[in-house]
Participant: 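Here it is: the structure, laid out below.
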Amino acid sequence: MASFDPGSKVQDYLVFGEYGGVNPSVTDSSTYTFLSPDTMEALFDHEIEGCFLYSRHWNPSNKYLSNALARMEGAEAAQVTASGMAAISDTILQLCKTGDEIVASRTIYGGTYALLKNFLPRLGIRTKFVNIQDLKAVEKAVNKRTRLIFCETMSNPLLEIADLPALGEIAHAHKIQLVVDNTFSPMLFSPLELGADIVVHSLTKFINGTSDCVAGAICGSDEFIHQLLDVNSGASMLLGPVLDSYRAASILKNLHSLHIRMMKHSENAQYLAENLEQLGYRVFYPGLNSHPQHELMKELMNPGYGYGGMLALDMEDTQTASRLMVKMQQEKVGYLAVSLGYFKTLFSSPGHSTSSEIPEEERKEMGMSDGLVRISIGLDNDIERTFKRICHCLSAIGKRPLPACRPKTDLDKPRKMKV
Ligand code: PLP
């Protein structure tokens, strides 16, 4: 088990606002004054650091959030971006040039898959997609043109757990980088501690947690973050996906409750996963003994945060999945919407939304059925009631349990009156 405690690192660091406010002041400027042109020139020439030039490069609000994320991931440095996709594309474009190759897991977010499969070949950067669980296949796919191995710690949408120490060994034996998307599992895993070189996040999801903005982050070495922001050659600086400073300030405030939210997401998801499995459904959740990487996750996870807030339920065919999702929205289980990590429950059918970029045959090969319903479990205070609602929805579309729903926890025992 990893001994690193990202929660305490985030909280141990105190910053103050301009007038001693408990939150850092928000930067409301795109550009910054200098007392002399010489200082400005010295900044351009990398001779001095620590002052701000222009907000696409750095601004104080983005720096506060970046520093907090670096501490959370145990990284030397971090940089926030305008989206998770910007974090991924900046990282790849900084590391790869025409003629280079990437070895990527085939079970990744559909947008990342489309970037690797459809867009990057236009720049002469090719990707070999592999079953990331098959370490021999990963090793075999790496050649002298390969610059990086890309995977998600917990994959989207099948929730496979990547063996990061083993993948790190392969990458480092070939002197290439292991880039890990930790969007599904912040706090749960510390990929840099486990062998990754660079961690990317879509902050849009659990880290922000309020589904009110799109943002991303890259965490890695000081050297790499400097490269990204180099005024002459940095992908972040030159492609320009800068996060707005007001958003950075609001995400920073939400970040401080992430550890508590992850515990509750996990507790609720574990409860639903166990009970749905008990009813005979095929449930993908790494906290279940039946999950193929349950033992691996136990070995690699940071203790205390559970197994995450995502689960996938196989309803076997598209029509059944659609009927269930419509019913669950009507019965206030949550929203039929893409994305994840919101305080309310969100569900969608990946084959027809977030993974639709992946061709049907490839989805079949990776075990992603058309009836898969991906559920991001919310922070419901009464998860037994949520389970009862789901059971009611299942019954209403003609599925188990019919006619009465019996969750594993004994709902008949007297419950405390709410006062
Ligand atoms: N990585 C994962 C695992 C995702 O699920 C997503 C979006 O759903 C992204 C990256 C892209 O993030 P964003 O939408 O913030 O660009």
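This chain uses plain numbering: 1 for the first residue, then up along the sequence. One-based numbering, in listed order, for ligands and for the atoms of each.
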Participant: Under a 4.0 Å threshold between the charged nitrogen and the carboxylate oxygen, would Lys327 count as salt-bridged to Glu331?
Facilitator: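 Here Glu331 pairs with Lys327 in a salt bridge, since their nearest N and O are under 4.0 Å apart.
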Participant: Which of the atoms in ligand 1, numbered in the order shown and given with their element, are less than 4.0 Å from a heavy-atom of Thr204?
Facilitator: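 Here the atoms of ligand 1 in question are 13 (P), 15 (O).
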Participant: Quick one: does ligand 1 sit under 4.0 Å from the side chain of Ala215, the backbone, both or neither, non-hydrogen atoms only?
Facilitator: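 For Ala215, only backbone atoms sit under 4.0 Å from ligand 1.
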Participant: State whether Glu139 and Lys136 are salt-bridged, where the test is any N-O pair (Lys NZ or Arg NE/NH1/NH2 against Asp/Glu carboxylate O) under 4.0 Å.
Facilitator: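 Looking at Glu139 and Lys136, the cut-off is not met.
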Participant: For ligand 1, which atoms sit closer than 4.0 Å to a heavy atom of Ser83?
Facilitator: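 In order of number, 15 (O), 16 (O).
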Participant: For Ser202, is at least one N or O under 3.5 Å away from an N or O on ligand 1?
Facilitator: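 By distance alone, the answer is yes.
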Participant: Check ligand 1 against Lys205 and write out every atom of the ligand that is under 4.0 Å from a heavy-atom position of the residue.
Facilitator: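 This gives 4 (C), 5 (O), 6 (C), 7 (C), 8 (O), 9 (C), 12 (O), 14 (O) as the contact atoms.
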Participant: Are Glu101 and Arg147 ion-paired here, with the side-chain N under 4.0 Å from a carboxylate O?
Facilitator: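 Arg147 and Glu101: not salt-bridged.
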Participant: Among Asp181, Asn156, Leu340, which one has a heavy atom closest to atom 2 (C) of ligand 1?
Facilitator: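 Considering heavy atoms of Asp181, Asn156, Leu340, the nearest to atom 2 (C) of ligand 1 sits in Asp181.
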Participant: Is the distance between the ring centroids of Phe129 and Tyr113 less than 6.0 Å?
Facilitator: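 Yes: the rings meet the under 6.0 Å criterion.
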Participant: Answer yes when Asp244 and Arg247 have at least one side-chain N-carboxylate O distance shorter than 4.0 Å, and no when they do not.
Facilitator: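 Not counted as a salt bridge, because no side-chain N and carboxylate O are separated by less than 4.0 Å.
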Participant: When you measure from the side chain of Asn59 to the backbone N and O of Phe52, does any donor-acceptor pair fall under 3.5 Å?
Facilitator: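 No: the side chain of Asn59 does not pair with the backbone of Phe52.
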Participant: So is there a nitrogen or oxygen of Val214 less than 3.5 Å from a nitrogen or oxygen in ligand 1?
Facilitator: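 N/O-N/O distance below 3.5 Å does not exist for this pair.
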Participant: Can you check whether Glu152 has an N/O within less than 3.5 Å of an N/O in ligand 1?
Facilitator: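 No; every N/O pair is 3.5 Å or more apart.
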